[in-house]
K.L.:
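Starting off with a structure, shown below.
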Amino acid sequence: MKVEIKDLSTHVGQEVELHGWVQNKRESKTLTFVILRDGSGFCQCIFDLNVLGEEAFNEVSALGLESSLSVKGKVVADERQVGGFEIHATGFHVYQNCGEYPIAKKEHGVEFLMDHRHLWLRSKRQWAIMRVRNAVIFSIHNFFQKEGFVQMDAPIFTGNACEGTTELFETDFFGQPAYLTQSGQLYGEAMAMAMGKIYTFGPTFRAEKSKTRRHLAEFWMIEPEMAFFDIFDDMDLIEQFVRYVITDVMSRCKEELEILERDTTVLEKISNPFIRLTYDDAVAIIKGEKEVNGRKTIEVLEEDLRNTVQQIADLKADIESRETAINAGGMKKGQVNFNLNAIDKNKNTIKQLEEDERNIPQWIESAKNFTYGGDFGGSDETVLTRMFEVPVMVYDWPHEVKAFYLKRNPDNPKLARGVDLLAPEGYGEVVGGGERETNEQMLIEKINEHGLPMEAFEWYLDLRRFGSVPHAGFGLGLERMVAWICHLPHVRETIPFPRMYGRIEP
RNA sequence: GCCUCAUUAGCUCAGUCGGUUAGAGCGACGGACUGUUAAUCCGCAGGUCCCUGGUUCGAGUCCAGGAUGGGGCGCCA
């Protein structure tokens, strides 16, 4: 009977047939252990010389990693195994025995792995990440659907740079210049006026030459837009939404998060209320004028820097002692390998820590010198979120630094009702949104101020001419959300084939 | 666009003050051993030291320029 690995628990004691690839293999004289992966899971299959006979046994022993095959055998429960089951093979069919597989069972560099992304996706960590991504997408749809939102799609080709700020990819649309969308936001507003509550879910393109762990040139964004919502309704929804998605994904991806060695106690903090700060309060905290739990940002950062320096020293001492032990001789080869591996790992960690060591002083300077009125930089976000265990929402921004379509605070027209949700653990801005300007005249002023072509916004202004209502929305960066949930060092691992500055293949 | 770090075997990395024939581990391959989970043992193969130019009796090593990549800033989700 043909079954998938994920369903083995319902077939204990039965003869089944699995189809998959050799994820790993260990051989001995009479037994060969193959970790088979079929996309749904991993399962050890045991091939016994005495069961299969010499010819068949030699064939399976000779299989290279990622060879494809089907295996017939009996399902046996075994607690020691990943997934809890193993197969005692009675027969098999090889689809292809492949040669040396490029991705070895050891640490690889980023560039090598990115060049082999089409194969890297098969590895266990990537498998886990892609399943979390899938779960996040599923949860997002679940949340909005149960809340009565209608999913609608914004166009990907646009005729103009709609927000006028970022650089866009230009393309040819039947002889006219066109751009790949940087946001579905404006179209979302039009759709919300038709349906009440909508959300878009699609790819977004930014032509910025960003080289950071948070940026992609092509990424997926979820943009809900709600009629009759103000900034506070918006923040309530953001909080509810983010909490729902994370809680749901944690419960459905236990195995995946375990593979990723994600410390979920940090994620569980999501059940506590999120921090809400006005821009003014956030600036005071960043600059160290206001304490959080009796501590100032600069002190915390300086302590982080000292810890980093200490960690580097500790790791170097560890490397040195291992090297001394190896050079002293008398060590078994296996032990030597183990120590060499540990040294390699430590050296990699040191490289990362040394980058922190170079960056943290810059962040401290940037925090000290932050001038009121400016937008937050990546480092300011890191500094601010470093002070809290839960996501932080910052709202009421100086209107100059935010998009033209944001509504002004009626009590203080210098402030725009935008809100950013900053994730903990250095993941930065995961959500950006706010209440939209409803006043036609204010919008016209802003469009002129930004030097945008008025004729391209006539349709948008119509939304304020015909039944204008308070409304709000936000945009969630899918990849940043996945990176945060999985605790990944870079968003490039959260999308099957990342498109970023300097990377268009594979 | 700016700052910073890097580039040596298929992969991960050593390579001292500029010195003679460039090393290790992993992987691969051949063999021994083993209910194994990246920690057994022996053997074997494997190099355009990123590119160009310069300094020098001599450059993987020093200098200049370039390419590619990592990270940070700006920009943003």
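Heavy atoms only: backbone and side chains are in, while hydrogens, waters and symmetry mates are out. First the proteins, then the strands, lettered A, B, ... as listed; each starts at 1.
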K.L.:
I need the A/Leu216 CG to A/Glu208 CD distance, nearest 0.5 Å.
P.N.:
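Going from the CG atom of A/Leu216 to the CD atom of A/Glu208 covers 11.5 Å.
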K.L.:
Check ring pair (Phe, Tyr, Trp, His ring centres under 6.0 Å) between A/His118 and all other residues, then give those that pass, not counting sequence neighbours.
P.N.:
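Checked A/His118 against ring pair (Phe, Tyr, Trp, His ring centres under 6.0 Å); zero matches.
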K.L.:
What does the list of N/O pairs under 3.5 Å between the protein and nucleotides 3-8 of chain B look like, with a distance for each?
P.N.:
residue, atom, partner, partner atom, Å
B/U4, O2', A/Arg358, NE, 3.3

K.L.:
Who pairs with A/Val22 by side-chain contact (heavy atoms from CB on, under 4.5 Å), at least two apart in sequence or on another chain?
P.N.:
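side-chain contact (heavy atoms from CB on, under 4.5 Å) list for A/Val22, sorted by chain: A/Lys25, A/Val34, A/Leu63, A/Leu65, A/Ser67, A/Leu69.
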K.L.:
Using a heavy-atom distance cut-off of less than 4.0 Å, which residues of residues 211-223 of chain A contact RNA chain B?
P.N.:
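The answer is A/Lys211, A/Thr212, A/Arg213, A/Arg214, A/His215, A/Leu216, A/Phe219, A/Met221.
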K.L.:
Rounded off to whole Å, could you give me the CH2-to-P distance for the A/Trp363 and B/C73 pair?
P.N.:
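It works out to 7 Å between those atoms.
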K.L.:
Pick the P atom in B/C63 and in B/U55, then give their distance to the nearest Å.
P.N.:
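Here B/C63 and B/U55 have their P atoms 16 Å from each other.
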K.L.:
Contact list please: residues 109-124 of chain A against RNA chain B, heavy atoms, distance less than 4.0 Å, in numerical order.
P.N.:
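Those residues whose heavy atoms fall under 4.0 Å from RNA chain B, taken from residues 109-124 of chain A in numerical order, are A/Gly109, A/Glu111, A/Phe112.
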K.L.:
Just jot down the ring pair (Phe, Tyr, Trp, His ring centres under 6.0 Å) partners of A/Trp120, sequence neighbours excluded, or say none.
P.N.:
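Scan of A/Trp120 (ring pair (Phe, Tyr, Trp, His ring centres under 6.0 Å), adjacent residues dropped) gives none.
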K.L.:
Could you list all the side-chain hydrogen bond (donor to acceptor under 3.5 Å, both in side chains) pairs where at least one residue sits in residues 45-65 of chain A, not counting sequence neighbours?
P.N.:
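Non-adjacent pairs meeting side-chain hydrogen bond (donor to acceptor under 3.5 Å, both in side chains): A/Thr32-A/Ser61.
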K.L.:
Using a cut-off of 4.0 Å on non-hydrogen atoms, how would the nucleic acid contact of A/Glu479 be classed: base, sugar-phosphate, or nothing?
P.N.:
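Nothing, no heavy atom under 4.0 Å.
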K.L.:
Starting from C1' on B/G71, measure out to CZ on A/Arg492 and report it in whole angstrom.
P.N.:
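The distance from CZ of A/Arg492 to C1' of B/G71 comes to 10 Å, rounded to the nearest Å.
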K.L.:
Would you mind telling me which residue lines up with the more 5' stretch of RNA chain B, A/Arg503 or A/Arg480, judged by nearest nucleotide?
P.N.:
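The 5'-side residue here is A/Arg503.
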K.L.:
Please enumerate all residues that pass ring pair (Phe, Tyr, Trp, His ring centres under 6.0 Å) together with A/Phe241, with sequence neighbours excluded.
P.N.:
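Checked A/Phe241 against ring pair (Phe, Tyr, Trp, His ring centres under 6.0 Å); matches are A/Phe143, A/Phe144, A/Phe474.
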K.L.:
Sort me out a list of protein N/O and nucleotides 46-50 of chain B N/O pairs below 3.5 Å, or just none if empty.
P.N.:
none

K.L.:
Partners of A/Trp397 by ring pair (Phe, Tyr, Trp, His ring centres under 6.0 Å), sequence neighbours excluded?
P.N.:
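Here the qualifying residues are A/Tyr279, A/Phe376.
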K.L.:
Which pairs count as salt bridge (Lys or Arg N to Asp or Glu O under 4.0 Å) when at least one residue sits in residues 474-500 of chain A, sequence neighbours excluded?
P.N.:
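Those involving residues 474-500 of chain A are A/Arg133-A/Glu479.
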K.L.:
Looking at residues at least two apart in the chain, or sitting in another chain, which of them share a salt bridge (Lys or Arg N to Asp or Glu O under 4.0 Å) with A/Lys72?
P.N.:
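In terms of salt bridge (Lys or Arg N to Asp or Glu O under 4.0 Å), with neighbours along the sequence ignored, A/Lys72 is linked to no residue.
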K.L.:
Just checking A/Leu31: base, sugar-phosphate only, or nothing, at a heavy-atom cut-off of under 4.0 Å?
P.N.:
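Base: the residue A/Leu31, judged by heavy atoms under 4.0 Å, touches a nucleobase.
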